[in-house]
Amino acid sequence: MTFPTATGRLFSDPSANAARQFFRTKPRTLRDKVMSVSDAVRALVHDGDYLAIGGFGADRIPTAAVHEIVRQRKQNLSFAGHTATHDFQILCAGNLTGRGQTLARVDVAYIVGLEARGLSPHARRVMESGTVECTEWTNYTLAVRLKAAAMGLPFLPCRSMLGTDTFRRSAAKVITCPFTGETLLALPALYPDVAIIHVHEADRFGNCRIRGTTVADLDLARAAKRVIITCERLIPNDEIRREPSLTLIPFFCVDAVCEVPFGSYPGNMPGEYFSDEEHLQLWLKMEEDEQQYRQFLDRYLFGPKDFNEYLQLCGGLERLRQLRAQELLLHQGR
Amino acid sequence: MAVRYNAMELMICAAARLLEDGRSVTVGTGVPCAAAMLAQRTTAPNLLIFFEAGGVAPLLPTMPISVGDSRTFHRGLMATSMADVMEACQRGMMDYAFLGGAQIDAYGNLNSTMIGQDYAKPKVRFPGSGGANDLASFCWRVIVVTNHDRRRFVEKVDFITTPGYLTGPGAREAAGLPAGCGPYRVITDLAVMGFDEATKRIKVLSLHPGVDRQQVEERTGFQLLWANPLDETPPPTDEALWILRQEVDPHRYLIGRC
């Protein structure tokens, strides 16, 4: 029996042996990894890297680090578009004409849109220009690819994507189950060069706690060669040792820890603050006209020297207080 | 006679009625979420609601804006990973999933990837599958909710993002997809449709009050099958409308769009 074949390009090496050679050299000692976001991005994100970002949509995203990638004009990145919404929108700002090309290749599961908020006009312009190469996947199959890598394997099977154009434009293969003879999809492991994940709490060594849904981040932290953590709060190592069952990402996966309070803004951070829908709408509105969008970016993205300045521009503590009240449903009298 | 409800309210109520009590459903934002919230407050109090980013059995205080925002596990029973939810689907534990798309064909195949003929340079780039292809591959009964127009209901979709019945009877199984599942209903602002057993093509089951056959045909780009007898979609009950307006969507984010 001959199976259909897929024509998409694989943007990363699925070899488990190559990954093992890398992980053999990764430090295992408890060392202080606290640094600024700009230092972390400068040291750990390189031109040409395969980048993956944690969270889901605009929920628990490492906004400060994504801003920094664009501010530092990182070029020619591959990207895992795993329900990437506002983070993808920011990265596309690095693909403005005349300002280079931050995104060069995208593994697509969900890009361009901001869920119920609508489509990003600028991300559409970038993706319709033909300058960014795409391979199609789905939310679950990208999660499985990260899971295969976290397991130290070259691939995992799954039963999705079969029979569709999503498969045809992917880089998956159709195989036969050696036990049952059933047709399955084989998904190549995804070992990103660098992952950036925003969490609630971390200690100086990179032991992390997350509240709420973990999306694909636990596998992502284990699959990636280098990991930057941004956190709402640094907490003492004593606190981690007091309750180790709360540690979801262990220090030995992590290369940098950056304390960024309100770091998921304008996204949502469970238990901390709700998304700033007005600011996300403003972003979408400004994108409609490219000239206007450049001015907006000069003011909000390229202008501020760090994330705190951006938060100040967006309304500062008073706005953040409102978003916290909204997250905690205080306006409903709770 | 004054109309008591708008098309959006009718669609949400029709979707809610399909969800049997004691079953499981994966929902997205918008209409699906409103339908599940309404069902839980009326005919299906034991409906188990999942969100694909990892929210399980939330008591939704307001409608989420994102499939992963903190409302999706508010007072839930578990906040887990996306793979955990999708694998419950792959194991066969998900009865219903709600989907939409930019295009749908007669077999219920959905396009949410691109419009145009050149994949490398699309005329319009849409988000892609998200979790839609996974849910349509795994869930027993897929319900599509969408507006009814000729641009959307097309003979051939530009890109099959998400599998319906592909090319017809047996095609899903031949491709290797789990047997016995697929699209179940398509709910639009004009009608409720199902799929013909023999051909797996869309078949109109009921027209909404005040809608006639010709209107549906004019706004569909392929040959429709018709149930005989053809029913009228039951209008929303007063109770359903009250709950929808007071509890599910008090700010009229959704029902105000009509």
Side-chain angles (χ1 to χ4, degrees), chain A residues 4 55-60 81 83 85 108-113 115-117 119 124 127-130 133-134 136-141 143-144 147 158-166 169 174 182-185 211-219 268-271 274-275 277 327 329 332, chain B residues 28-30 51-55 61-62 64-70 72-74 79-84 86-87 89-90 109 111 113 116 118-135 137-138 157 159-163 166-167 171-172 174-178 253:
Chain A
F56 182 101
D59 312 313
R60 202 168 47 69
T83 300
T85 70
V108 176
Y110 183 103
I111 56 167
V112 171
E115 299 189 76
R117 305 172 188 98
L119 298 176
R124 269 190 58 190
M127 298 313 295
E128 289 164 8
S129 70
E133 191 183 354
C134 294
E136 299 289 323
W137 307 90
T138 67
N139 277 353
Y140 178 55
T141 54
V144 171
K147 180 183 281 213
C158 125
R159 306 189 71 186
S160 180
M161 266 170 50
L162 294 157
T164 61
D165 292 328
T166 306
R169 293 292 179 179
V174 180
E182 287 166 318
T183 301
L184 297 171
L185 186 77
R211 288 175 65 192
T213 51
T214 52
V215 195
D217 293 359
L218 309 192
D219 287 325
N268 171 222
M269 190 66 179
F274 202 66
S275 48
E277 292 305 316
E327 172 67 11
L329 298 165
Q332 294 195 352
Chain B
T29 53
F51 285 88
E52 69 174 68
T62 56
I65 290 167
S66 158
V67 178
D69 77 33
S70 45
T72 64
F73 48 91
H74 180 80
T80 183
S81 68
M82 186 157 62
D84 198 14
M86 289 297 191
E87 284 153 15
C89 302
Q90 191 165 240
N109 300 307
N111 175 15
T113 301
D118 182 3
Y119 171 76
K121 209 164 180 241
K123 210 151 88 189
V124 185
R125 176 71 218 200
F126 291 117
S129 159
N133 181 302
D134 308 308
L135 295 169
S137 296
F138 301 152
V157 295
F159 192 99
I160 301 181
T161 309
T162 297
L166 300 174
T167 54
R172 284 175 67 97
L177 291 171
Y253 293 130

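What you are looking at is a predicted structure, and each value in this text was computed from that prediction instead of being measured. A note on names: the letters A, B, ... follow the listed sequences, proteins ahead of strands, and every chain is numbered from 1.
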- Message: Taking OH in B:Tyr253 as the centre, count heavy atoms belonging to other residues, nucleotides or ligands within less than 6.0 Å. Is the count above 12?
- Response: no
- Region of A:Leu119 that comes under 4.5 Å of a non-hydrogen atom in chain B: side chain
- Query: Between A:Trp137 and B:Asn133, is any pair of side-chain heavy atoms under 4.5 Å apart?
  - Reply: no
- Message: Quick check on A:Glu182 against chain B: is it the side chain, the backbone, both or neither that has a heavy atom closer than 4.5 Å?
- Response: neither
- Is it the backbone or the side chain of B:Ser66 that comes under 4.5 Å from a heavy atom of chain A, or both, or neither? both
- Can you find a heavy atom in the side chain of B:His74 that is under 4.5 Å from one in the side chain of A:Leu329? yes
- Message: Testing the 3.5 Å rule here: is there a donor-acceptor pair between the side chains of B:Asp84 and B:Thr80?
- Response: yes
- Contact leader toward chain A among B:Leu177, B:Asp118, B:Thr162, where contacts are heavy-atom pairs under 4.5 Å: B:Leu177
- Item | Region of B:Val67 that comes under 4.5 Å of a non-hydrogen atom in chain A | both
- Would you mind checking which part of A:Val215 comes under 4.5 Å of any heavy atom in chain B, side chain (CB onward), backbone (N, CA, C, O), both or neither? both
- Message: Let's test your reading of the structure: which of A:Met127, A:Lys147, A:Glu136, A:Glu133 forms the most heavy-atom pairs below 4.5 Å with chain B?
- Response: A:Glu136
- Leading residue by heavy atom contact count with chain A [cutoff under 4.5 Å; candidates B:Ser81, B:Ala171, B:Pro64]: B:Ser81
- Looking only at side chains, do B:Thr113 and B:Thr161 share a donor and an acceptor under 3.5 Å apart? yes
- Message: Less than 4.5 Å to any heavy atom of chain A: does that hold for the side chain of B:Ile65, its backbone, both, or neither?
- Response: both
- Message: Which one wins on heavy-atom pair count under 4.5 Å against chain B: A:Cys158, A:Ala216, A:Gly212?
- Response: A:Gly212
- Looking only at B:Gly68, B:Gly54, B:Gly131, most heavy-atom pairs under 4.5 Å shared with chain A are made by B:Gly68
- Task: Apply side-chain contact (heavy atoms from CB on, under 4.5 Å) to A:Thr166 and B:Phe159, showing your working.
- Result: CA-CA 8 Å; A:Thr166 306; B:Phe159 192 99; 3.9 Å; yes
- Message: Only pairs of heavy atoms separated by less than 4.5 Å count here; which of B:Gly28, B:Pro122, B:Gly130 has the most with chain A?
- Response: B:Gly130
- Do the side chain of A:Thr214 and the main chain of A:Leu218 share a donor and acceptor less than 3.5 angstrom apart? no
- chain B contact via A:Asp59 - which portion, at a heavy-atom distance below 4.5 Å: side chain
- Looking only at heavy atoms, which two atoms of A:Val174 and A:Thr183 are closest? And how far apart? CG1-CG2, 3.3 Å
- Message: Can you see whether A:Glu327 engages B:Ser70 through a side-chain donor-acceptor pair at a distance of less than 3.5 angstrom?
- Response: yes
- Message: Using heavy-atom distances under 4.5 Å, tell me whether A:Thr141 contacts chain B through its side chain, its backbone, both, or neither.
- Response: both
- Task: Check the pair B:Phe138, B:Glu87 against side-chain contact (heavy atoms from CB on, under 4.5 Å), reporting the backbone distance first and the verdict last.
- Result: CA-CA 9 Å; B:Phe138 301 152; B:Glu87 284 153 15; over 6 Å; no
- Can you tell which of B:Thr29, B:Asp69, B:Leu135 has the highest number of heavy-atom pairs within less than 4.5 Å of chain A? B:Asp69
- Task: Please determine, among A:Arg159, A:Met269, A:Arg124, A:Glu115, the option with the most heavy-atom pairs under 4.5 Å with chain B.
- Result: A:Arg159
- What residue in A:Cys134, A:Ala143, A:Gly81 has the most heavy-atom pairs under 4.5 Å with chain B? A:Cys134
- Note on the structure: Pair count under 4.5 Å, heavy atoms only, with chain A: among B:Ser137, B:Cys89, B:Gly128, highest is B:Ser137
- Query: Is chain B contacted by the side chain of A:Arg117, its backbone, both, or neither, given a heavy-atom distance below 4.5 Å?
  - Reply: side chain
- Where does B:Ala120 contact chain A at under 4.5 Å (heavy atoms): side chain, backbone, both or neither? backbone
- Side chain / backbone / both / neither for B:Thr62 at chain A, heavy atoms under 4.5 Å: side chain
- Message: Is A:Asn268 in contact with chain B via its backbone, its side chain, both, or neither, using a 4.5 Å heavy-atom distance?
- Response: side chain
- Message: Below 4.5 Å, heavy-atom pairs only: which of A:Pro4, A:Ser129, A:Gly113 has the largest tally toward chain B?
- Response: A:Ser129
- Is any side-chain heavy atom of B:Phe73 closer than 4.5 Å to a side-chain heavy atom of A:Pro270? yes
- Step-by-step side-chain contact (heavy atoms from CB on, under 4.5 Å) determination, A:Val108 to B:Arg125: CA-CA 11 Å; A:Val108 176; B:Arg125 176 71 218 200; 3.2 Å; yes
- Can you see which heavy atom on A:Ser160 is nearest to which on A:Thr138, and at what distance? OG-OG1, 4.3 Å
- Task: Tell me, with the steps shown, if A:Arg60 and A:Thr213 meet side-chain contact (heavy atoms from CB on, under 4.5 Å).
- Result: CA-CA 9 Å; A:Arg60 202 168 47 69; A:Thr213 51; 5.6 Å; no
